[in-house]
Amino acid sequence: MNNDKIIDLLEKFKSEQKALLPKVQLKNNFQKENIRFIAGVDVAYFDMQGKTKGVCCIVVFDLIEKQVIEKVHSHGEIRVPYIPGFLAFREMPLIKDAVKKLTKQVDIYMFDGNGYLHYRHMGIATQASFLLGKPTIGVAKSYLKINGVDFTMPQNKENAHTDIIINNEIYGRVLRTRVNVKPIFISCGNWIDLDTTTEIVMKLIDKSSRLPIPVRFADIETHAIRKKLLIKE
DNA sequence: GCGACAG
DNA sequence: ATCTTGTCGC
């Protein structure tokens with residue numbers, strides 16, 4: 001993919017993101033007590049026959065029974081390069097394919113990446129919400145600096161957090177899910193508020209990781225599937 | 001030209 | 001994201 005083509009694509013992508021923005025709602029469109037099934041979505045990459053391929057896994061976790069109730073995956077060629085701010089366009093085709101395979105109910109989707117914490121408030125979690133028609137949450141392992149604004153490190157206590165505020169607007173939250181571990185960067189995707197987002201993320205933390213269970217499991221699953229695909233060929 | 005850069 | 005072994009700690 002040459003440079004001119006990428007520049008054209010980015011302009012097109014940017015206007016798609018701007019068109020979606022007015023539809024974003026940072027309010028819960030559900031009753032908290034009804035939330036039970038949380039899906040984690042992640043993508044892993046590999047090369048095969050000189051092409052960049054990807055594996056997308058979705059793991060659905062039951063908050064009540066505390067167990068995984070469904071795992072689905074999709075894989076295929078990745079055609080869009082990674083450019084900060086446009087991750088959704090790179091991963092969305094595979095996500096769509098994996099979503100089609102789901103048979104169980106999902107109440108909320110969690111993504112490996114940002115949501116409202118994004119240049120145009122349109123990180124992958126927010127953008128994907130329109131495809132899914134469900135509330136979404138963004139969970140990033142590192143910080144994507146916006147307009148040169150740094151984040152404030154939260155205290156070294158479980159559940160300590162600081163907000164990322166730019167031009168008097170809250171973009172997202174830096175959350176210390178466990179003591180002595182780097183914080184994560186969470187943000188609303190759509191149809192959910194930041195406090196509820198934080199609550200749900202904390203409910204899904206266990207001793208095994210600083211990341212919430214569905215995202216962690218989806219990450220592990222993508223690596224497992226990728227390994228199988230590489231052995232076959 | 002240099003640095004920054006979710007995954 | 002990915003390339004990669006051992007190793008410190010709960």
Side-chain angles (χ1 to χ4, degrees), chain A residues 1 3 6-7 9-10 13-14 17 40-48 50-58 73-96 98 109-129 136-151 156-158 164 166 171-190 197 201 205-212 214-227 229-230:
Chain A
M1 204 180 279
N3 275 317
I6 290 176
I7 290 170
L9 263 186
L10 293 191
F13 288 167
K14 204 179 287 185
Q17 292 183 331
V41 184
D42 191 27
V43 176
Y45 300 90
F46 61 101
D47 287 316
M48 192 179 267
K51 293 181 173 181
T52 300
K53 308 271 183 133
V55 187
C56 172
C57 291
I58 302 180
H73 68 88
S74 63
H75 61 92
E77 186 179 354
I78 301 284
R79 302 172 170 284
V80 179
Y82 169 68
I83 297 178
F86 301 93
L87 178 64
F89 297 100
R90 179 167 164 85
E91 302 194 338
M92 202 66 86
L94 287 183
I95 293 173
K96 275 185 190 168
Y109 287 85
M110 297 188 27
F111 289 80
D112 195 342
N114 294 316
Y116 203 72
L117 175 54
H118 177 275
Y119 308 108
R120 290 170 290 279
H121 294 311
M122 202 52 65
I124 189 165
T126 307
Q127 213 171 307
S129 74
T136 57
I137 291 173
V139 178
K141 295 181 287 298
S142 63
Y143 180 56
L144 172 61
K145 192 186 281 188
I146 295 165
N147 295 337
V149 177
D150 274 309
F151 69 89
N156 189 15
K157 295 177 188 169
E158 182 178 309
I164 296 161
I166 301 166
Y171 275 55
R173 184 166 281 174
V174 190
L175 176 64
R176 184 89 65 178
T177 55
R178 299 178 60 201
V179 183
N180 296 328
V181 167
K182 287 190 298 180
I184 60 175
F185 304 83
I186 62 172
S187 54
C188 305
N190 199 356
T197 294
V201 167
I205 298 297
D206 69 3
K207 290 178 185 175
S208 69
S209 173
R210 70 184 170 122
L211 297 174
V215 167
R216 176 65 182 139
F217 282 5
D219 180 62
I220 292 170
E221 189 66 8
T222 58
H223 294 317
I225 302 290
R226 178 177 62 186
K227 195 169 183 177
L229 292 173
L230 286 171

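Every chain is numbered from 1 and lettered A, B, ... according to where its sequence line falls, protein lines coming before strand lines.
Taking the charged nitrogens against the carboxylate oxygens, A:K145 and A:D150 do have a contact shorter than 4.0 Å, which makes a salt bridge. Salt bridge present: A:K141 and A:D112 bring a charged side-chain N and a carboxylate O closer than 4.0 Å.
Contact annotation for A:I124: base contact, defined as any heavy-atom pair under 4.0 Å involving a base atom. A:G138 comes within 4.0 angstrom of no nucleic acid atom, judged by non-hydrogen atoms across all strands. Residue contacts shown for A:F89 are absent, as no nucleic acid heavy atom lies under 4.0 Å away.
Computed from coordinates, the A:K207 NZ to C:dG9 C1' distance equals 14 Å when rounded to whole Å. With rounding to whole Å, A:I186 atom CD1 is found 18 Å from B:dG7 atom C1'. Between A:R90 atom CZ and B:dA6 atom P the separation is 12 Å, expressed in whole Å. Across the protein-nucleic acid pair, A:Y45 atom OH and B:dA6 atom C1' stand 10 Å apart, rounded to whole Å. Rounded to whole Å, the distance from CG on A:L87 to P on B:dA4 is 21 Å. Taking atom CE of A:M110 as the reference point, atom P of B:dA6 lies 19 Å away to the nearest angstrom. The CZ atom of A:F151 sits 15 Å away from the C1' atom of B:dC5 (whole-angstrom rounding). Protein atom CG of A:N180 is 18 Å distant from nucleotide atom P of C:dC8, rounded to whole Å.
Contact of the A:C56 side chain with the A:V43 side chain is registered, since non-hydrogen atoms from C-beta on lie closer than 4.5 Å.
Dashed line: the shortest gap from a side-chain N or O of A:K145 to OP1 or OP2 of B:dG3 is not under 4.0 Å. Between A:S142 and the phosphate of B:dG7, there is a side-chain N or O to OP1/OP2 separation shorter than 4.0 Å. For A:Y82 and B:dC5, the shortest distance from a side-chain N or O to OP1 or OP2 is not below 4.0 Å.
Using bins of under 30°, 30° to 60° and over 60° for the plane-to-plane angle, the ring pair A:H73/A:H75 lands in the parallel bin. Aromatic ring pairs are classed by plane angle as parallel below 30°, tilted from 30° to 60° and perpendicular above 60°; the pair A:Y143 and A:F151 is perpendicular.
Each of B:dA6, C:dT2, B:dG7 was ranked by its minimum atom distance to the side chain of A:N114; first place goes to B:dA6. Here the side chain of A:A140 is nearest to one of C:dA1, B:dG7, B:dC5, namely B:dG7.
Nucleotides B:dC5 and C:dT2 are separated by 15 Å at their C1' atoms, to the nearest Å.
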